[in-house]
Enquirer: 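Before I ask anything, let me first share the structure, which is written out below as structure tokens.
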Amino acid sequence: MQPRTKDPAESDAKFDMWRIMWGGILRPIVFVLLLGVPGNYKRRLGRADWIQWASSKRWTDQQQAMDGFLRSMISEWNLMILLSTLILSTSVGFLAINDLPTIAETTILISLVFSLASIVLDAAFVWRYQRQLTNNFDMRSVM
């Protein structure tokens, strides 16, 4: 039995359908659900000028841009830790209320799980990248 080969036209048609769905339907939904945050990160990464990292002519400029980008991300992660801690304490306070409907308890528990996950991930990112900013190292190793 011969292995089945993929038809290039079929894979191109699937890719075109996915691109149409992403551009027309999914992108606005994701933008609204995530409040435009991925687009903001894309613009910030563009300002860090990733393409020129391989050249040594503008090495100092790229290092300063990457340093600024990492500092802004660390600041944002610290803010997210603060907000997640606030949401966590508020959720625990709501759980102390007697006779809550089941749906309210469920949403509070979901909020607890996501705020704990946010605290853990943001703390891990801050810990990792703060160490990299304080050490003298080759910024190309970040990529």
Enquirer: Check whether any side-chain heavy atom of Asn78 lies under 4.5 Å from a side-chain heavy atom of Asp122, and answer yes or no.
Expert: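 Not in contact.
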
Enquirer: Among Val92, Thr107, Thr90, which residue meets the side chain to side chain contact (heavy atoms under 4.5 Å, CB included) test with Leu112?
Expert: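 The single option meeting the side chain to side chain contact (heavy atoms under 4.5 Å, CB included) with Leu112 is Val92.
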
Enquirer: Is it true that Val113 and Leu88 fall in one hydrophobic cluster, defined by side-chain heavy atoms closer than 4.5 Å?
Expert: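 In one cluster with Val113: Leu88, no.
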
Enquirer: Restricting to side chain to side chain donor-acceptor pair (under 3.5 Å), what partner residues turn up for Ser72, sequence neighbours left out?
Expert: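 Per chain and number, Ser72 pairs via side chain to side chain donor-acceptor pair (under 3.5 Å) with Arg44.
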
Enquirer: To the nearest 0.5 Å, tell me how far Leu70 CG sits from Tyr129 OH.
Expert: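 One gets 7.5 Å once the value is rounded to the nearest 0.5 Å.
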
Enquirer: May I ask whether Met80 and Ile119 are part of the same hydrophobic cluster, defined by side-chain heavy atoms of I, L, V, M, F, W, Y residues being less than 4.5 angstrom apart, directly or through others?
Expert: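 Per the 4.5 Å side-chain linkage, Met80 and Ile119 are not co-clustered.
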
Enquirer: If you measure from OG on Ser118 to CD1 on Ile87, what distance do you get to the nearest 0.5 Å?
Expert: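 Between Ser118 OG and Ile87 CD1, I get 7.5 Å after rounding to 0.5 Å.
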
Enquirer: Can you get from Phe94 to Phe114 by hopping between Ile, Leu, Val, Met, Phe, Trp and Tyr side chains that sit under 4.5 Å apart?
Expert: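 Result: no, two separate clusters.
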
Enquirer: What's the separation between atom CH2 in Trp127 and atom CH2 in Trp77, rounded to the nearest 0.5 Å?
Expert: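 The distance works out to 13.5 Å.
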
Enquirer: Would you please name every residue forming a side chain to side chain donor-acceptor pair (under 3.5 Å) with Ser111, sequence neighbours left out?
Expert: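 Testing Ser111 for side chain to side chain donor-acceptor pair (under 3.5 Å), a comparison that skips the adjacent residues, returns Ser91.
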
Enquirer: Do other residues, nucleotides or ligands put more than 12 heavy atoms under 6.0 Å from Ile97 CD1?
Expert: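 Yes, the 6.0 Å shell around CD1 holds more than 12 heavy atoms from other groups.
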
Enquirer: Are any of the side-chain heavy atoms of Ile108 and Leu100 separated by less than 4.5 Å?
Expert: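 When only atoms from C-beta onward are counted, Leu100 and Ile108 do touch, with a gap below 4.5 Å.
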
Enquirer: Distance check, rounded to the nearest 0.5 Å: Leu82 atom CG versus Leu86 atom CG?
Expert: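 Result: 7.0 Å between the selected atoms.
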
Enquirer: Does Ser84 use its side chain to pair, donor to acceptor, with the backbone of Ile81 at less than 3.5 Å?
Expert: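 Answer holds: no.
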
